[in-house]
Amino acid sequence: MAWTWRFEKSDGTETEPVLRPEEFTTQGDAESWIGEYWKELLDGGADQATLFDDTTKIYGPMSLQAEQG
């Protein structure tokens with residue numbers, strides 16, 4: 001199994017992230033990575049991310065924007 005992220009613009013079109021993550025061996029590792037680098041990804045042009053386990057969509061798209069308020 002390989003856990004991967006797909007990065008998108010807000011309209012859903014795929015975009016190349018400024019940081020290219022490796023394939024992760026666990027969901028927790030993938031989530032920890034995005035938790036650490038979401039700001040750089042957002043600044044680099046990605047607005048949202050979707051998590052996959054091989055070809056199965058697990059969840060997303062998840063906004064990389066910080067909650068307002």
Side-chain angles (χ1 to χ4, degrees):
M1 288 186 185
W3 296 83
T4 57
W5 290 104
R6 171 190 157 106
F7 299 96
E8 303 170 347
K9 296 293 204 177
S10 58
D11 66 3
T13 57
E14 189 169 6
T15 187
E16 189 68 28
V18 66
L19 300 172
R20 174 53 69 185
E22 73 273 9
E23 293 182 345
F24 301 96
T25 56
T26 69
Q27 182 175 354
D29 288 345
E31 291 170 339
S32 292
W33 183 88
I34 205 161
E36 187 172 337
Y37 294 107
W38 69 270
K39 180 75 168 120
E40 290 91 334
L41 295 163
L42 181 62
D43 290 345
D47 296 312
Q48 57 195 25
T50 301
L51 182 63
F52 288 87
D53 180 8
D54 288 324
T55 59
T56 303
K57 180 179 171 180
I58 303 303
Y59 62 79
M62 169 183 71
S63 175
L64 297 176
Q65 299 286 333
E67 291 290 326
Q68 299 296 318

Consider only side-chain N and O atoms of Asp29 and Thr26, and report whether a donor and an acceptor are under 3.5 Å apart. yes
Would you say the side-chain atoms of Trp5 pair up with the backbone N or O of Ala30, donor to acceptor, closer than 3.5 Å? yes
Joint hydrophobic cluster, Trp33 plus Phe52, side-chain heavy atoms closer than 4.5 Å: no
Atom pair CD (Glu8) and OG1 (Thr13), whose distance is rounded to the nearest 0.5 Å: 7.5 Å
How long is the span from the CH2 atom in Trp3 to the OG1 atom in Thr56, to the nearest 0.5 Å? 9.0 Å
Within the 4.5 Å heavy-atom criterion, are Glu40 and Trp38 side-chain neighbours or not? no
Backbone N/O of Asp47 and side chain of Lys9: donor-acceptor pair under 3.5 Å: no
Any chance you could measure Tyr59, atom OH, to Glu31, atom CD, to the nearest 0.5 Å? 3.5 Å
About how many Å separate CZ of Phe7 and CD of Glu14, when rounded to the nearest 0.5 Å? 10.0 Å
Do you know the tightest heavy-atom contact between Ala49 and Ile34? CB-CD1, 3.6 Å
To the closest 0.5 Å, what do you measure between CG (Leu51) and NZ (Lys57)? 11.0 Å
Mind listing the closest non-hydrogen atom pair of Gln65 and Ser63 along with its distance? N-OG, 3.0 Å
CG/Leu41 to CD/Gln48 distance, rounded to the nearest 0.5 angstrom? 12.5 Å
Does CD belonging to Glu23 count more than 12 external heavy atoms closer than 6.0 Å? no
